[in-house]
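What follows is a single structure, written as structure tokens, with notes after it.
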Amino acid sequence: MKLFRPLYILLLVVILVPAAGGLWLWQYISRMAEPVLLPLNDEYHELSAIPEQHLGIRLTEISFRGWDGNTVPAVIAEKDEEDSSRQRSVLSELANKQTDKLQHIDYALVCVDWDHGIRSALPLAEYLTAAGIRCVLWEPRAKDNARAFCTHGLKECRDVPLLVDALAAACGKERPLIIAVGQGYGAGLLLHATANDDRIRGIVAIDAFASLRESLSRTMPENLLSRVKLALMDLKINRTVGFECFDVAPVESASNIHRDTPALVINLQQDNPICTINDALSIFRQLPSDCKEVWALPTPQDAPGATTRTEECTVGQGDNERSYTFELHLVADENTAFTSIIYWLHDQFLTAIDKPRVTTPARPILTADSQL
């Protein structure tokens with residue numbers, strides 16, 4: 001029996017070591033997946049969903065019933081008497097610029113983060129309200145507002161048509177003029193929403209990722225285990241929330257947005273692997289809009305004072321790989337970008353939607369008896 005004891009020990013080692021390794025790997029993948037499933041905003045930790053006041057903005061609370069029947073907190077944000085520093089920077093730029101047509105925009109849907117959606121969107125709303133645009137901010141209902149896990153706009157966007165219904169009822173118009181302005185997570189959500197509701201007449205997508213799968217793969221070091229880690233992360237996400245990274249692709253939603261919907265795609269976070277300039281270009285390429293532009297910040301390689309840059313983007317892999325060349329408009333910095341957005345809304349967006357809407361011709365029904 002003594003001879004068999006080392007064999008028992010060896011057998012236990014052979015069984016337990018892979019099991020322990022597998023358990024460690026699963027825990028490691030779970031930790032990696034946590035920022036994807038729970039992108040919490042620590043800046044507003046333990047604060048209420050709606051602030052009592054915000055400098056430069058007057059908040060009016062509203063609510064609507066979401067797609068799952070629960071009440072969704074929301075606010076209408078308008079310019080207050082006292083200006084914030086962001087509003088002053090916009091107002092100084094607008095002093096010599098005519099922006100009277102902006103009053104025709106009834107509402108701008110503004111979304112930035114999954115957690116603390118109203119508070120995180122207020123800085124962006126400051127820029128827009130300075131130009132007299134009335135903004136609507138709402139909670140994607142993350143964390144304490146009922147949703148335990150994030151789907152990166154895949155499910156959260158279902159609330160948007162119901163919010164549009166509530167706004168139409170509030171202003172007494174059957175089809176109020178509504179635009180969407182999103183940044184980061186909010187840009188992806190609003191690309192999904194705009195593709196599914198043609199009452200949203202224009203979209204500004206800032207720092208949107210093209211595909212959650214591609215963004216996650218860029219955050220992982222390239223090695224032999226990277227594909228295994230990505231597959232396991234997909235499994236973890238699917239088991240937890242019921243979707244896969246492949247399912248979250250704002251670039252696919254962009255291709256379904258109506259061609260009469262003006263679109264502006266902007267990349268400001270050039271060093272962020274989650275939302276690269278290639279993401280912006282991929283989304284821009286898929287947009288069928290007759291009025292669309294893509295913007296970015298200048299790089300050290302750009303000539304001083306340059307206003308445009310030619311950029312090449314590679315799409316696909318292997319035999320399906322294709323290269324495309326784009327002309328980007330360059331904005332000097334973030335503050336300039338937001339002021340330029342207001343100019344674009346006034347000069348390009350409102351001019352574009354004044355044109356007659358283009359309808360997609362119906363496809364003929366072909367049968368065996370059809371005359372060709």
Side-chain angles (χ1 to χ4, degrees), residues 78-79 87 89-111 124-125 127-136 160 164 167-168 171 173-183 187 190-191 193-195 197-206 208 253-268 280-281 283-296 307-309 326-332 335-361:
E78 300 174 271
K79 187 180 178 303
Q87 290 172 322
S89 69
V90 172
L91 289 169
S92 64
E93 292 289 333
L94 297 180
N96 300 316
K97 175 75 175 181
Q98 191 174 8
T99 56
D100 56 302
K101 291 199 294 184
L102 291 174
Q103 64 185 333
H104 296 300
I105 298 174
D106 291 300
Y107 300 103
L109 307 181
V110 182
C111 187
L124 183 49
Y127 291 110
L128 297 172
T129 54
I133 299 174
R134 185 166 44 180
C135 298
V136 181
V160 176
V164 172
L167 294 174
C171 71
K173 295 182 179 179
E174 184 178 351
R175 292 182 69 90
L177 182 51
I178 294 175
I179 63 173
V181 183
Q183 187 167 17
L190 289 171
L191 282 166
T194 305
D197 194 333
D198 66 359
R199 293 177 298 175
I200 300 175
R201 294 300 313 277
I203 183 166
V204 178
I206 307 167
S253 292
S255 65
N256 294 320
I257 292 175
H258 196 277
R259 64 177 291 188
D260 280 334
T261 305
L264 177 58
V265 182
I266 309 174
N267 177 249
L268 300 179
L281 294 174
I283 291 170
F284 173 78
R285 189 179 73 86
Q286 289 295 333
L287 287 164
S289 175
D290 294 326
C291 174
K292 63 178 181 178
E293 292 185 28
V294 57
W295 297 357
T307 57
T308 61
R309 178 172 79 238
F326 301 90
E327 190 79 8
L328 281 80
H329 172 73
L330 300 180
V331 289
N335 285 335
T336 303
F338 292 119
T339 306
S340 298
I341 288 170
I342 293 168
Y343 291 156
W344 182 84
L345 290 172
H346 184 272
D347 298 337
Q348 303 297 324
F349 163 72
L350 286 164
T351 300
I353 65 167
D354 279 343
K355 298 176 181 178
R357 297 204 75 173
V358 177
T359 57
T360 303

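One-based numbering along the sequence shown.
Side-chain contact check for Ile178 versus Arg199: every heavy-atom pair is 4.5 Å or farther apart. Proximity of Leu191 to Ile203: side-chain heavy atoms (C-beta onward) are separated by under 4.5 Å at one or more points. Between Leu264 and Glu293, the closest side-chain pair of non-hydrogen atoms falls below 4.5 Å. By the 4.5 Å heavy-atom criterion applied to side chains, Asp197 and Val160 are not counted as neighbours. Side-chain contact between Leu350 and Ile105 is present, with at least one heavy-atom pair separated by less than 4.5 Å. Inter-residue side-chain proximity for Ser289 and Ile257 is flagged as unmet; no heavy-atom pair is nearer than 4.5 Å. For the pair Val265/Arg285, no side-chain contact is recorded, criterion being any heavy-atom separation below 4.5 Å from C-beta on. Lys101 places a side-chain heavy atom less than 4.5 Å from the side chain of Thr351.
Not a single donor-acceptor pair under 3.5 Å links the side chain of His346 to the backbone N or O of Leu102.
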> Would Leu109 and Val164 count as a side-chain contact (heavy atoms from CB on, under 4.5 Å) if you check the C-alpha gap in whole Å, the side-chain angles of each, and the deciding distance to 0.1 Å?
Replying inline: CA-CA 9 Å; Leu109 307 181; Val164 172; 4.3 Å; yes
>> Pair Phe349, Leu177 - check side-chain contact (heavy atoms from CB on, under 4.5 Å), show working.
In response: CA-CA 11 Å; Phe349 163 72; Leu177 182 51; 4.1 Å; yes
>> As a quick check of understanding, evaluate side-chain contact (heavy atoms from CB on, under 4.5 Å) for Val181 and Ile133, giving each step before the final call.
In response: CA-CA 12 Å; Val181 183; Ile133 299 174; over 6 Å; no
>> Run the side-chain contact (heavy atoms from CB on, under 4.5 Å) test on Leu328 and Leu281 for me, step by step, so that the C-alpha distance in whole Å, both residues' side-chain angles and the decisive distance to 0.1 Å come before the verdict.
In response: CA-CA 9 Å; Leu328 281 80; Leu281 294 174; 3.8 Å; yes
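Listed by chain and residue number, Asp100 satisfy the side chain to side chain contact (heavy atoms under 4.5 Å, CB included) test with Gln98 (two or more places apart in sequence, or in another chain). The side chain to side chain contact (heavy atoms under 4.5 Å, CB included) check on Ala168 picks up Pro176, with sequence neighbours excluded.
The structure places CD1 of Ile179 at 10.5 Å from CD1 of Ile200, a figure rounded to the nearest 0.5 Å. Of the inter-residue distances, the one linking Ile206 atom CD1 with Gln183 atom CD reads 4.5 Å to the nearest 0.5 angstrom. The structure places CH2 of Trp295 at 10.0 Å from CG of Leu268, a figure rounded to the nearest 0.5 Å. Here CD of Glu327 is found 10.0 Å from CZ of Arg309. Values are rounded to the nearest 0.5 Å. The CG atom of Leu167 sits 8.5 Å away from atom CZ of Arg134, with the distance rounded to the nearest 0.5 Å. Here the CD-CG distance, from Glu78 to Leu128, works out to 13.0 Å after rounding to the nearest 0.5 Å.
Of the options Val331, Ile266, Leu124, a side-chain contact (heavy atoms from CB on, under 4.5 Å) to Ile341 is made by Ile266 and by none of the others.
In Glu174, the CD atom is not crowded: 12 or fewer heavy atoms of neighbouring residues, nucleotides or ligands sit closer than 6.0 Å.
With respect to Arg201 and Asp106, no salt bridge is recorded, no charged nitrogen being found less than 4.0 Å from a carboxylate O.
Summarising the geometry of Leu287 relative to Ala254, their closest heavy-atom pair is CD2-O, 3.7 Å, with the distance given to 0.1 Å. Heavy atoms only, all atoms of each residue included: Ala208 and Ala187 are closest at CB-CB, 3.6 Å. Across every non-hydrogen atom of Tyr343 and Glu93, the tightest pair is OH-O, 2.9 Å.
Between Phe338 and Tyr127, the two ring planes are parallel [angle under 30°; tilted spans 30° to 60°].
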